[in-house]
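Scroll down for the structure; my scribbles are underneath it.
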Amino acid sequence: IPAVSPLSGALRIGWDIDTHQSLNVGAQYLASARVTNDVANACAFALPDRVTYDARYAWKQQTYEWSIAVVNLADQSSFSSASTNATCSALNVYPDPGRTIRAGLKYNF
C-alpha cells in the first residue's frame, strides 16, 4: 500500500507524579514508504523514515482532566504524504505541521 510504512513502532513512558498529575512522553518510528500513484514501484523517490517525539502533561480533579500536549517536540521538518504521476516526472509533497501544542479538557461522567 503506497504511503504506508511497512515498519513502525512506538515507545511510551508514563509517570503518575501524584494522584492529580501525570506526565507522558513518547517516540514513534515510521520506516520509509512508497509514494502514492507509483503502482509499479518504479519511482526512485520514497517517503523518508522518521522519528517523532511528543509529551503530555495532565491534571485530574474529580471528574475533570486538563491537559497540554506537545506533538513533534523536536520541530522536525517532515512529510507523511506524497504523490506522483504515472511516469514519476512530477512529485507533490504535503508537509506535516511542525511543533504543535494542544490543550484539552475531559469530563468523565
Main chain of [Y], side chain of [X]: is a donor-acceptor contact present, judged purely on distance under 3.5 Å?
{"X": "Asn37", "Y": "Asn85", "result": "no"}
{"X": "Ser22", "Y": "Tyr57", "result": "no"}
{"X": "Ser5", "Y": "Ala31", "result": "yes"}
{"X": "Ser8", "Y": "Tyr29", "result": "no"}

Quick check for you: to the nearest 0.5 Å, what is the distance between [X] atom [atom1] and [Y] atom [atom2]?
{"X": "Ser83", "Y": "Leu91", "atom1": "OG", "atom2": "CG", "value": "7.0 Å"}
{"X": "Leu105", "Y": "Trp66", "atom1": "CG", "atom2": "CH2", "value": "4.5 Å"}
{"X": "Asn72", "Y": "Ile101", "atom1": "CG", "atom2": "CD1", "value": "11.5 Å"}
{"X": "Phe45", "Y": "Arg34", "atom1": "CZ", "atom2": "CZ", "value": "10.5 Å"}
{"X": "Ser81", "Y": "Leu47", "atom1": "OG", "atom2": "CG", "value": "7.0 Å"}
{"X": "Gln76", "Y": "Arg99", "atom1": "CD", "atom2": "CZ", "value": "10.0 Å"}

### Task
Mind telling me whether Tyr64 and Tyr107 have parallel, tilted or perpendicular rings, with 30° and 60° as the class edges?
tilted
Would you say [X] and [Y] are hydrophobically clustered, going by side-chain heavy atoms of ILVMFWY under 4.5 Å?
{"X": "Leu73", "Y": "Leu11", "value": "no"}
{"X": "Ile17", "Y": "Trp59", "value": "yes"}
{"X": "Val70", "Y": "Leu23", "value": "yes"}

### Residues in salt bridge (Lys or Arg N to Asp or Glu O under 4.0 Å) contact with Arg56, at least two apart in sequence or another chain
Glu65
### Message
Asp54: which residues meet the side chain to side chain donor-acceptor pair (under 3.5 Å) condition with it, sequence neighbours left out?
### Response
Arg12
Check [X] against [Y] and note the closest heavy-atom contact, atom names and distance.
{"X": "Ala27", "Y": "Val51", "value": "CB-CG1, 4.5 Å"}
{"X": "Thr84", "Y": "Cys88", "value": "OG1-CA, 3.3 Å"}
{"X": "Tyr53", "Y": "Ala74", "value": "CD1-CB, 4.5 Å"}

### Task
Indicate yes or no: at least one non-hydrogen side-chain atom of Val25 is less than 4.5 angstrom from one of Trp15.
no
